[in-house]
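Read through the structure below, which is laid out as structure tokens, and then see the notes.
Counting convention: from 1, in listed order, for ligands and their atoms alike.
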Amino acid sequence: MVKKNTCIFISGQGSNLKNLIARSRDSSFPIKISLVISNNKEAFGLNYAKKFQIPYILINTKIKNYENKVIFYLKKYKISFICLAGYMKIISNKLIKSYQGKIINIHPSLLPKFKGLNTFSRMLKNKEKKGGCTVHYVSKKLDSGNTIVQKKFTINSKDDEKILKKKTQKLEYLAFPEAIIKIFRKN
Ligand code: GRF
């Protein structure tokens with residue numbers, strides 16, 4: 001099987017990156033992580049790139065036309081698939097256009113509910129009964145592309161934000177690889 005050269009975008013902890021690196025070491029997993037891009041030089045997740053000797057690029061999103069640098073490196077590493085894994089910036093229409101249908105994101109809620117930031121506090125405030133995560137295609141509108149995989153859990157009355165995050169991430173580590181397999185198995 002020829003694995004898809006994939007770039008993972010991160011901004012922080014990188015636990016989904018870590019999980020995808022582990023999964024991608026399996027020869028039957030459809031992607032190879034060939035590049036990591038971070039907009040945050042302090043992102044803990046960069047340690048995983050270093051540890052597993054995956055090339056990584058730091059970008060400064062304050063610089064005008066910074067996405068030209070992104071596109072340059074995506075081409076250089078022959079990237080054909082992109083996963084946003086805790087990437088806290090909105091990516092430009094130019095990038096979405098050049099990778100139409102080839103960018104996916106993981107979001108810590110049951111989309112279309114709770115798009116955007118601070119999902120857990122809003123869920124608690126709203127007295128939601130279910131939480132979860134959604135892996136979806138990236139489109140021009142924030143957190144609105146088609147869903148690939150969604151996983152749910154039950155919220156207990158004592159759950160706080162920390163517990164919601166823990167429960168969500170446990171599901172994310174299943175949902176992200178599952179979505180990737182689903183995408184490439186059908187092609
Ligand atoms: C995840 O919960 C994801 O849903 C959200 O950002 C978080 C990233 O976590 N988009 P990590 O950096 O992969 O640990």
Side-chain angles (χ1 to χ4, degrees), residues 6-25 29 31 33-52 54 56-59 61 70 81-92 95-96 99 102-124 126 128 130-155 159-183:
T6 299
C7 176
I8 315 283
F9 281 59
I10 61 165
S11 298
Q13 201 57 27
S15 66
N16 280 284
L17 168 65
K18 181 186 178 203
N19 179 52
L20 290 177
I21 292 173
R23 293 298 303 267
S24 65
R25 298 178 94 189
F29 196 66
I31 63 164
I33 301 172
S34 309
L35 184 64
V36 171
I37 290 183
S38 174
N39 66 315
N40 172 14
K41 62 178 187 328
E42 311 287 343
F44 184 82
L46 287 169
N47 289 313
Y48 301 119
K50 291 174 194 161
K51 184 172 173 194
F52 294 96
I54 299 166
Y56 63 89
I57 308 294
L58 296 174
I59 51 167
T61 55
V70 171
F81 188 63
I82 294 173
C83 299
L84 308 182
Y87 183 63
M88 303 306 282
K89 285 277 159 194
I90 292 177
I91 63 170
S92 72
L95 186 55
I96 295 175
Y99 280 85
K102 296 190 171 84
I103 310 177
I104 66 172
N105 178 45
I106 187 149
H107 186 78
S109 78
L110 296 170
L111 290 174
K113 283 183 157 181
F114 305 105
K115 296 175 183 178
L117 298 174
N118 306 317
T119 49
F120 304 131
S121 60
R122 287 188 286 142
M123 277 158 65
L124 289 175
N126 231 35
E128 290 296 305
K130 299 269 179 201
C133 66
T134 308
V135 183
H136 64 93
Y137 285 103
V138 172
S139 65
K140 278 187 198 165
K141 244 175 121 195
L142 181 72
D143 297 331
S144 298
N146 289 343
T147 293
I148 307 155
V149 169
Q150 192 163 64
K151 290 195 182 285
K152 284 182 198 172
F153 64 85
T154 302
I155 300 176
D159 287 357
D160 56 14
E161 283 187 43
K162 215 172 144 192
I163 293 176
L164 290 189
K165 183 174 176 186
K166 223 175 166 179
K167 285 183 168 179
T168 304
Q169 290 219 301
K170 205 171 157 197
L171 291 182
E172 288 185 346
Y173 306 146
L174 300 173
F176 222 162
E178 199 176 303
I180 292 168
I181 289 169
K182 196 171 164 187
I183 290 168

**Prompt:** Is there a donor-acceptor pair under 3.5 Å between the side chain of K89 and the backbone N or O of T61?
**Reply:** no
**Request:** Identify the residue among I106, I8, I103, I104 that makes a side-chain contact (heavy atoms from CB on, under 4.5 Å) with L84.
**Result:** I103
**Message:** Which protein residues come within less than 4.0 angstrom of ligand 1, counting heavy atoms only?
**Reply:** Q13, G14, S15, N16, G86, I106, H107, P108, Q169, E172
**Item:** E178: partners by salt bridge (Lys or Arg N to Asp or Glu O under 4.0 Å), with sequence neighbours left out
**Value:** K151
**Complete:** One should read off an interatomic distance between S15 OG and Y48 OH, to the nearest 0.5 angstrom, of 7.0 Å
**Message:** Looking at L111, is its backbone amide N or carbonyl O close enough to the side chain of T134 to form a donor-acceptor pair, meaning the two atoms are under 3.5 Å apart?
**Reply:** yes
**Item:** Inter-residue atom distance I82.CD1 - I37.CD1, 0.5 Å rounding
**Value:** 7.0 Å
